[in-house]
Trainee: 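To start, I am sharing the structure in question, which I have written as structure tokens.
Keep in mind that this is a model prediction, so the values were computed, not measured. In what follows, residues are counted from 1 in the order of the sequence shown.
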Amino acid sequence: QVQLVEPGGGLVQAGGSLRLSCAASGRTFSNYAMGWFRQAPGKDREFVSSISRSGGTTYYADSVKGRFTISRDNTKNTVYLQMNNLKPEDTAVYYCAARTSSLVVTTEGAYDYWGQGTQVTVSS
């Protein structure tokens, strides 16, 4: 079992930047592919980005491509989501997730462990 904790989040103006982090504990972090998802009010949770165990493979939703960057530091058991040029439509609760597989996927149901979520609000 792995526990995921997401400090950070917050309020930022449109065009601004924010970096989310997700710290893992409980098992060997490098054994997990990681993902970020988000859920806006009244909407289903959606895929944002994912990263392989080594960090060598990444995927992004079209809506964030070119603005968000996912990365990980296996020595710190942490995955990051750097969010630049934020837009009001990026407002959501952001969740990190871990998958006990080497395959990097974008499907919510494929992830085994989830953080509690952190609120990101982008004002116009």
Side-chain angles (χ1 to χ4, degrees):
Q1 188 122 1
V2 63
Q3 291 78 43
L4 303 174
V5 178
E6 308 138 339
L11 174 65
V12 63
Q13 288 188 329
S17 298
L18 202 60
R19 188 175 81 157
L20 303 181
S21 62
C22 173
S25 62
R27 289 288 178 92
T28 304
F29 181 65
S30 58
N31 286 344
Y32 298 89
M34 300 296 295
W36 284 97
F37 292 77
R38 67 185 181 186
Q39 186 168 23
K43 295 187 177 181
D44 293 334
R45 190 154 56 183
E46 65 176 4
F47 169 78
V48 175
S49 183
S50 57
I51 189 167
S52 62
R53 292 171 171 177
S54 67
T57 300
T58 58
Y59 293 106
Y60 296 94
D62 287 343
S63 59
V64 307
K65 204 170 292 183
R67 300 187 298 122
F68 290 12
T69 302
I70 190 171
S71 63
R72 65 189 295 162
D73 185 340
N74 287 344
T75 66
K76 296 182 178 180
N77 294 349
T78 302
V79 62
Y80 303 97
L81 186 69
Q82 177 66 43
M83 305 184 292
N84 297 329
N85 190 22
L86 282 159
K87 304 175 180 180
E89 51 264 42
D90 294 318
T91 295
V93 177
Y94 283 71
Y95 299 88
C96 72
R99 170 173 160 79
T100 52
S101 170
S102 60
L103 295 177
V104 185
V105 297
T106 64
T107 307
E108 177 181 350
Y111 287 82
D112 304 296
Y113 304 101
W114 292 82
Q116 80 284 358
T118 186
Q119 177 70 46
V120 172
T121 303
V122 184
S123 62
S124 57

Trainee: If two hydrophobic side chains count as joined below 4.5 Å and joins carry through other members, does Leu18 share a cluster with Val122?
Mentor: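 Hydrophobic grouping puts Leu18 with Val122.
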Trainee: Going by heavy atoms in the side chains, are Thr118 and Leu20 under 4.5 Å from each other?
Mentor: yes
Trainee: Is atom OH of Tyr59 surrounded by more than 12 heavy atoms (other residues, nucleotides or ligands) closer than 6.0 Å?
Mentor: no
Trainee: Nearest 0.5 angstrom please: Asn77 CG to Ser30 OG, how far?
Mentor: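 The CG atom of Asn77 sits 8.0 Å away from the OG atom of Ser30.
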Trainee: Measuring only between side-chain heavy atoms, which start at C-beta, is Arg38 closer than 4.5 Å to Thr91?
Mentor: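 They are not in side-chain contact.
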Trainee: Can you check ring pair (Phe, Tyr, Trp, His ring centres under 6.0 Å) on Tyr95 and Phe37, steps first, answer last?
Mentor: CA-CA 5 Å; Tyr95 299 88; Phe37 292 77; 8.7 Å; no
Trainee: By the definition side chain to side chain contact (heavy atoms under 4.5 Å, CB included), identify the one residue from Glu6, Gln39, Met83, Arg45 that meets it with Tyr94.
Mentor: Met83
Trainee: Atom OG of Ser124 and atom CD of Glu89: how far apart are they, to the nearest 0.5 Å?
Mentor: 10.0 Å
Trainee: Does some side-chain heavy atom of Ser123 sit less than 4.5 Å from a side-chain heavy atom of Pro88?
Mentor: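 Not in contact.
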Trainee: Check whether any side-chain N or O of Thr78 sits under 3.5 Å from a backbone N or O of Lys76 as a donor-acceptor pair, and report yes or no.
Mentor: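 Present.
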Trainee: Going hydrophobic residue to hydrophobic residue with side-chain gaps under 4.5 angstrom, can you get from Tyr113 over to Val93?
Mentor: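 No, Tyr113 does not connect to Val93 through the hydrophobic network.
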Trainee: Evaluate the side-chain proximity of Phe47 to Glu108: yes if any heavy-atom separation is below 4.5 Å, no if none is.
Mentor: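 No, too far: nothing below the 4.5 Å cut-off.
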Trainee: Check the pair Asn84 / Phe68 against side-chain contact (heavy atoms from CB on, under 4.5 Å), numbers first and verdict last.
Mentor: CA-CA 6 Å; Asn84 297 329; Phe68 290 12; over 6 Å; no
Trainee: Examine Tyr111 and Val79 and state if one hydrophobic cluster contains both, with Ile, Leu, Val, Met, Phe, Trp and Tyr joined whenever side-chain heavy atoms are less than 4.5 Å apart.
Mentor: no
Trainee: Checking Gln82 against Ser71 for the side-chain contact (heavy atoms from CB on, under 4.5 Å) test, could you report, in this order, the C-alpha distance in whole Å, the side-chain angles of both residues, the deciding distance, and whether it holds?
Mentor: CA-CA 8 Å; Gln82 177 66 43; Ser71 63; over 6 Å; no
Trainee: Working to the nearest 0.5 Å, report the span between SG of Cys96 and CH2 of Trp36.
Mentor: 5.0 Å
Trainee: Is it true that Val12 and Tyr80 fall in one hydrophobic cluster, defined by side-chain heavy atoms closer than 4.5 Å?
Mentor: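 Per the 4.5 Å side-chain linkage, Val12 and Tyr80 are not co-clustered.
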Trainee: Do Ser101 side-chain atoms and Leu103 backbone N/O form a donor-acceptor pair below 3.5 Å?
Mentor: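 Present.
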Trainee: Given 3.5 Å as the limit, does a donor-acceptor pair link the side chain of Arg72 with the main chain of Ser52, or not?
Mentor: yes
Trainee: Got a sec: does the NZ of Lys43 have more than 12 other heavy atoms crowding it under 6.0 Å?
Mentor: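 It does not: Lys43 NZ has 12 such atoms or fewer within range.
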Trainee: side-chain hydrogen bond (donor to acceptor under 3.5 Å, both in side chains) with Arg67: which residues, sequence neighbours excluded?
Mentor: Asp90
Trainee: Atom OG in Ser21, atom CG in Asp73: separation rounded to 0.5 Å?
Mentor: 11.5 Å
Trainee: Start with the C-alpha distance between Ser25 and Gln3, add both sets of side-chain angles, then the distance that settles side-chain contact (heavy atoms from CB on, under 4.5 Å), and finish with yes or no.
Mentor: CA-CA 5 Å; Ser25 62; Gln3 291 78 43; 3.6 Å; yes
Trainee: Determine whether Thr100 and Asp112 satisfy the following criterion, side chain to side chain donor-acceptor pair (under 3.5 Å), listing intermediate values before the conclusion.
Mentor: CA-CA 7 Å; Thr100 52; Asp112 304 296; 2.8 Å; yes
Trainee: Name all residues meeting the side-chain hydrogen bond (donor to acceptor under 3.5 Å, both in side chains) criterion together with Thr58; count only those two or more places apart in sequence or in a different chain, and write none if there are none.
Mentor: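 For Thr58, no residue satisfies side-chain hydrogen bond (donor to acceptor under 3.5 Å, both in side chains) once neighbours in sequence are set aside.
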Trainee: Mind checking whether Tyr60 and Ser50 have side chains closer than 4.5 Å, heavy atoms only?
Mentor: no
Trainee: Over all heavy atoms of both residues, which pair between Ala98 and Leu4 is shortest? Give the atoms and the distance, please.
Mentor: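 Residues Ala98 and Leu4, closest heavy atoms: N-CD1, 3.8 Å.
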Trainee: With a 4.5 Å heavy-atom cut-off, do Ile51 and Thr57 have their side chains touching?
Mentor: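 Contact flag for Ile51/Thr57 side chains = no.
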Trainee: Between Asn74 (side chain only) and Asn31 (backbone N and O only), is there a donor and an acceptor less than 3.5 Å apart?
Mentor: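 No; zero donor-acceptor contacts below 3.5 Å.
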Trainee: Check whether any side-chain N or O of Thr107 sits under 3.5 Å from a backbone N or O of Gly109 as a donor-acceptor pair, and report yes or no.
Mentor: no
Trainee: Val104 and Ile70: same hydrophobic cluster, using ILVMFWY side-chain contacts below 4.5 Å?
Mentor: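 No; tracing contacts between hydrophobic side chains, which count when under 4.5 Å, never links both residues.
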